[in-house]
Amino acid sequence: MQVQLLEATEDPERLICQAARNDYMREFVGETPFDEVMDSIDGDTLEDKQETLIHRLLDHGHFGPFEHPQATVAVEGISRSCMAQITRHRHVSFDVQSMRYVAFDDVDPAEVPEGEMVVVPPSATDPDWIGRNQETGPVDEQTAREREELFRNTIESAFESYQELLELGMAPEDARYVLPIGSKVNMVMSMNVRMLLHVADMRAAADAQWEIRDMTERILDRAAEWCPITFEYYEAEMKNRKNRLAP
Ligand SMILES: Cc1cc2nc3c(=O)[nH]c(=O)nc-3n(C[C@H](O)[C@H](O)[C@H](O)COP(=O)(O)OP(=O)(O)OC[C@H]3O[C@@H](n4cnc5c(N)ncnc54)[C@H](O)[C@@H]3O)c2cc1C
């Protein structure tokens with residue numbers, strides 16, 4: 001899996017502060033220099049003042065200003081299962097690679113179980129992996145071998161059938177029905193900072209599945225570079241709070 005930031009609002013935290021200060025200023029924020037906009041906020045430097053204000057907004061649940069800055073990320077190689085989970089979030093905009101127009105007629109089915117076309121869950125190869133809902137815990141080596149073999153054979157056979165169906169003239173959009181839910185897909189998604197905080201609350205949580213959690217953590221890493229005051233505070237102070245669904 002890869003996650004890259006494609007585009008993002010320039011200076012998002014200045015925008016958050018301008019939007020928030022607009023609510024409490026007599027003057028028009030559009031015509032007031034930023035240092036004057038932030039004049040009444042505690043802090044020695046403009047950056048300190050932004051930190052004070054952003055922390056206060058997050059503590060008080062004043063999330064509206066976080067809806068203004070927006071980021072677009074490109075995600076490479078998540079499963080269709082993970083895609084189905086993340087696309088449940090209605091305030092995120094998505095573009096998803098089409099299996100109608102992109103045919104996988106030239107891949108070698110024997111290579112597929114190595115992870116090129118399909119996401120291989122850790123539980124397929126790691127005897128010690130304990131998933132979120134797994135009741136059995138670690139398994140012995142024989143069981144682990146059987147599990148891995150069955151997983152790999154099933155994937156390989158599905159891709160062989162898919163290619164045979166294409167050769168028999170079936171359209172890629174119909175032949176894809178035999179492909180596994182672990183098939184990889186690329187996606188572009190856009191959301192504002194408030195929505196990203198909400199997605200993080202739900203999808204970087206311990207009860208989320210490992211794949212969407214991994215993806216969300218990677219998005220959060222990019223977000224921390226782009227919008228550092230907000231996401232460093234989220235990581236340090238908000239991530240483990242009791243009511244994680246407020247944003
Ligand atoms: C661990 C986990 C397990 C899950 N298991 C299942 C499952 O088994 N089956 C299943 O179907 N889903 C499942 N989900 C998905 C979950 O139920 C939500 O549909 C999904 O996470 C979208 O989040 P959201 O409801 O916060 O909505 P979002 O679309 O992210 O919207 C953000 C917020 O906007 C508000 N909002 C948006 N639309 C409406 C609306 N129409 N009415 C009122 N308020 C609205 C809500 O406050 C909402 O929290 C699971 C999610 C997680 C994290």
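As the structure lists them, so they are numbered: ligands from 1, and atoms in each ligand from 1.
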I'd like to know if Met195 contacts ligand 1, where contact means a heavy-atom distance under 4.0 Å to any ligand atom.
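It does, in that a heavy atom of Met195 comes within the 4.0 Å cut-off of ligand 1.
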Out of His89, Arg203, Met191, who is nearest to atom 50 (C) of ligand 1 when you count heavy atoms only?
Arg203
Taking the minimum heavy-atom distance to atom 10 (C) of ligand 1, which of Arg88, Met202, Arg213, Gln209 ranks first?
Arg88
Can a cation-pi geometry be assigned to Arg176 and Tyr162, taking NZ or CZ under 6.0 Å from the six-membered ring centre and within 45° of the ring axis?
no
Can you check whether Ile229's main-chain N or O pairs, donor with acceptor, with Glu13's side chain at less than 3.5 Å?
yes
Could you go through the side-chain contact (heavy atoms from CB on, under 4.5 Å) check for Val75 and Asn186 one step at a time?
CA-CA 6 Å; Val75 181; Asn186 299 338; over 6 Å; no
Check each atom of ligand 1 against the heavy atoms of His198 and keep those under 4.0 Å away; list them by number with element.
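That gives atoms 24 (P), 26 (O), 30 (O), 32 (C), 49 (O) of ligand 1.
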For ligand 1, which atoms, with element, lie under 4.0 Å from some heavy atom of His91?
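Ligand 1 atoms under the 4.0 Å threshold to His91: 31 (O), 32 (C), 34 (O), 37 (C).
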For Glu225, I'd like to know if atom CD has over 12 heavy atoms of other residues, nucleotides or ligands within 6.0 Å.
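It does: Glu225 CD has more than 12 such atoms within range.
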Parallel, tilted or perpendicular: which fits the ring planes of Tyr233 and His55, with parallel below 30° and perpendicular above 60°?
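If you compare the ring of Tyr233 with that of His55, the planes turn out parallel.
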